[in-house]
Undergrad: 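Structure provided below as structure tokens; questions to follow.
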Amino acid sequence: MSLLIAWDLAIRLGRVPLLPGPLAVARAIGELAQKGFLVKHVVASLFRVTWGYLLAVSVGIPLGILLAWYRRGGLALAPLVEIVRPISALAWIPLAILWFGVGDFSSIFIIFVASVFPLTVAAMSSVASVSTTHWNAGRNFGLSADQIALRVLLPAILPRLLVGLRLALGIAWLVVVAAEMIAVDSGLGFLIIDARNAGNRYDLVVAGMALIGTIGLALDAAMRRVERLRALRWGYAAAEETA
């Protein structure tokens with residue numbers, strides 16, 4: 001609330017307003033809702049993030065676990081991952097449009113590229129952090145490789161892996177906005193660039209920014225709740241004891 005008051009006072013006292021005031025932004029959000037554009041753009045962005053993120057999870061986490069589990073394969077492929085990983089996801093936009101055209105597939109691909117490598121590295125780091133005591137305990141009980149993976153490895157890496165999942169989700173939400181400014185004709189990113197080009201509607205621009213921040217905060221809060229589930233809380237307790 002204090003931030004909104006300071007924002008409104010800065011606009012009222014400033015001789016040259018650099019931003020629309022909070023009331024103007026609120027009216028712009030109401031205008032979007034009244035015309036049906038609010039739900040349309042929010043749902044479009046969430047749809048792309050959901051599919052791109054889930055594809056990245058289904059590829060990145062198994063890949064990271066395999067690269068850390070089979071060390072020879074990891075040593076062979078890890079340099080390739082490290083070469084591709086620093087490339088900005090936005091650099092893939094021209095290729096995404098060439099391969100998939102302008103539409104949802106381009107944005108989903110860009111989100112996938114942005115999320116899959118952080119998830120791969122997070123999975124590799126999580127497996128590498130598992131204590132040798134856990135591995136030896138599984139072998140001493142005569143567990144097979146599949147049983148060790150399901151009963152020892154996954155429970156051991158899950159708390160640390162959830163941190164990587166949360167960070168990757170933030171990256172996915174960040175990238176979808178940039179991708180929608182170029183590769184599609186809907187979504188919150190498109191709303192911002194279209195409002196700027198269609199008549200300098202900066203109230204709609206800031207409204208889109210506010211919606212992006214609010215939804216991003218909600219997504220992060222949801223992942224934090226998952227991290228703090230009672231079934232996973234042991235991971236953080238163990239980390240605090242060893243710190």
Side-chain angles (χ1 to χ4, degrees), residues 25-26 28-64 85 87-120 122-123 161-198 201 203-227:
V25 173
I29 294 176
E31 177 185 342
L32 290 173
Q34 184 178 9
K35 294 182 179 179
F37 293 147
L38 180 61
V39 174
K40 172 188 173 183
H41 290 308
V42 170
V43 169
S45 294
L46 289 175
F47 171 81
R48 295 171 186 129
V49 167
T50 299
W51 280 106
Y53 180 71
L54 290 179
L55 286 173
V57 169
S58 63
V59 173
I61 291 179
L63 178 61
R85 184 172 64 90
I87 300 175
S88 171
L90 302 184
W92 291 88
I93 289 179
L95 292 178
I97 295 175
L98 176 65
W99 293 339
F100 304 107
V102 175
D104 289 334
F105 288 111
S106 296
S107 296
I108 291 171
F109 173 76
I110 294 166
I111 295 165
F112 168 80
V113 170
S115 305
V116 69
F117 294 111
L119 286 171
T120 301
L161 195 58
L162 282 172
V163 177
L165 288 167
R166 176 184 159 208
L167 294 175
L169 181 59
I171 293 172
W173 184 245
L174 178 69
V175 168
V176 70
V177 174
E180 287 173 345
M181 291 184 176
I182 301 173
V184 293
D185 57 359
S186 62
L188 294 174
F190 173 79
L191 168 66
I192 291 174
I193 200 69
D194 185 61
R196 165 62 180 83
N197 295 335
R201 288 292 307 275
D203 54 340
L204 291 177
V205 171
V206 179
M209 294 169 63
L211 290 170
I212 290 166
T214 303
I215 296 173
L217 182 63
L219 292 174
D220 186 72
M223 290 300 297
R224 283 178 177 270
R225 289 181 64 88
V226 173
E227 288 180 359

Undergrad: Do you know the tightest heavy-atom contact between V205 and A195?
TA: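 For V205 and A195, the tightest heavy-atom pair comes out as CG2-CB, 4.0 Å.
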
Undergrad: How about M223: does its CE atom have over 12 heavy atoms from other parts shown lying under 6.0 Å from it?
TA: yes

Undergrad: Taking all non-hydrogen atoms of both residues into account, name the closest pair between A114 and A89 and its distance.
TA: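 Residues A114 and A89, closest heavy atoms: CB-CB, 3.5 Å.
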
Undergrad: Would you name the heavy atoms of S106 and A96 that are closest together and state the gap between them?
TA: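 For S106 versus A96, the nearest heavy atoms are OG-O, 3.3 Å.
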
Undergrad: Using side-chain contact (heavy atoms from CB on, under 4.5 Å) as the criterion, list what pairs up with V43, not counting sequence neighbours.
TA: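 Scan of V43 (side-chain contact (heavy atoms from CB on, under 4.5 Å), adjacent residues dropped) gives V39.
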
Undergrad: Working to the nearest 0.5 Å, report the span between CG of L191 and OG of S186.
TA: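 Here the interatomic distance stands at 10.5 Å.
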
Undergrad: Residues two or more places apart in sequence or in another chain: which of them pass side-chain contact (heavy atoms from CB on, under 4.5 Å) with W92?
TA: V84, I87, L95, W99, F109, V113

Undergrad: Would you give me the side-chain donor-acceptor pairs under 3.5 Å for residues 161-178, sequence neighbours excluded?
TA:
residue : atom : partner : partner atom : Å
R166    : NE   : D220    : OD1          : 2.8
W173    : NE1  : I212    : O            : 3.0

Undergrad: Are side-chain heavy atoms of L55 and I111 found at a separation under 4.5 Å?
TA: no

Undergrad: Which label fits F37 and H41: parallel for a plane angle under 30°, tilted from 30 to 60°, or perpendicular past 60°?
TA: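 Judged by the thresholds at 30° and 60°, the geometry between F37 and H41 is tilted.
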
Undergrad: Could you please spell out the steps behind the side-chain contact (heavy atoms from CB on, under 4.5 Å) verdict for L119 and V59?
TA: CA-CA 9 Å; L119 286 171; V59 173; over 6 Å; no

Undergrad: I need the L217 CG to R224 CZ distance, nearest 0.5 Å.
TA: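 Spacing of CG (L217) from CZ (R224) equals 9.0 Å.
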
Undergrad: About how many Å separate CG of L32 and CG of D203, when rounded to the nearest 0.5 Å?
TA: 8.5 Å

Undergrad: So, do M181 and F190 sit near enough that their side-chain heavy atoms are less than 4.5 Å apart?
TA: no

Undergrad: Measure the spacing between CZ of F105 and CD1 of I108 and express it to the nearest 0.5 Å.
TA: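 Interatomic distance, F105 CZ to I108 CD1, rounded to 0.5 Å: 6.5 Å.
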
Undergrad: Distance alone, cut at 3.5 Å: any donor-acceptor contact between the side chains of E180 and S107?
TA: no

Undergrad: T120: which residues meet the side-chain hydrogen bond (donor to acceptor under 3.5 Å, both in side chains) condition with it, sequence neighbours left out?
TA: none

Undergrad: Restricting to pairs with a member in residues 54-63, which pass salt bridge (Lys or Arg N to Asp or Glu O under 4.0 Å), not counting sequence neighbours?
TA: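 Those involving residues 54-63 do not exist here.
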
Undergrad: Can you tell me how far the CG atom of L63 sits from the CZ atom of F117, to the nearest 0.5 Å?
TA: 8.5 Å

Undergrad: Determine whether I192 and L204 make a side-chain contact, defined as any pair of heavy atoms from C-beta on separated by less than 4.5 Å.
TA: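 No. Closest side-chain heavy atoms not under 4.5 Å.
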
Undergrad: List the atom of P62, the atom of V57, and the distance in Å for their closest heavy-atom pair.
TA: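 Scanning both residues completely, I find the closest heavy atoms to be CD-O, 3.4 Å.
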
Undergrad: Which residue pairs pass the salt bridge (Lys or Arg N to Asp or Glu O under 4.0 Å) test with at least one member in residues 32-45, sequence neighbours excluded?
TA: E31-K35

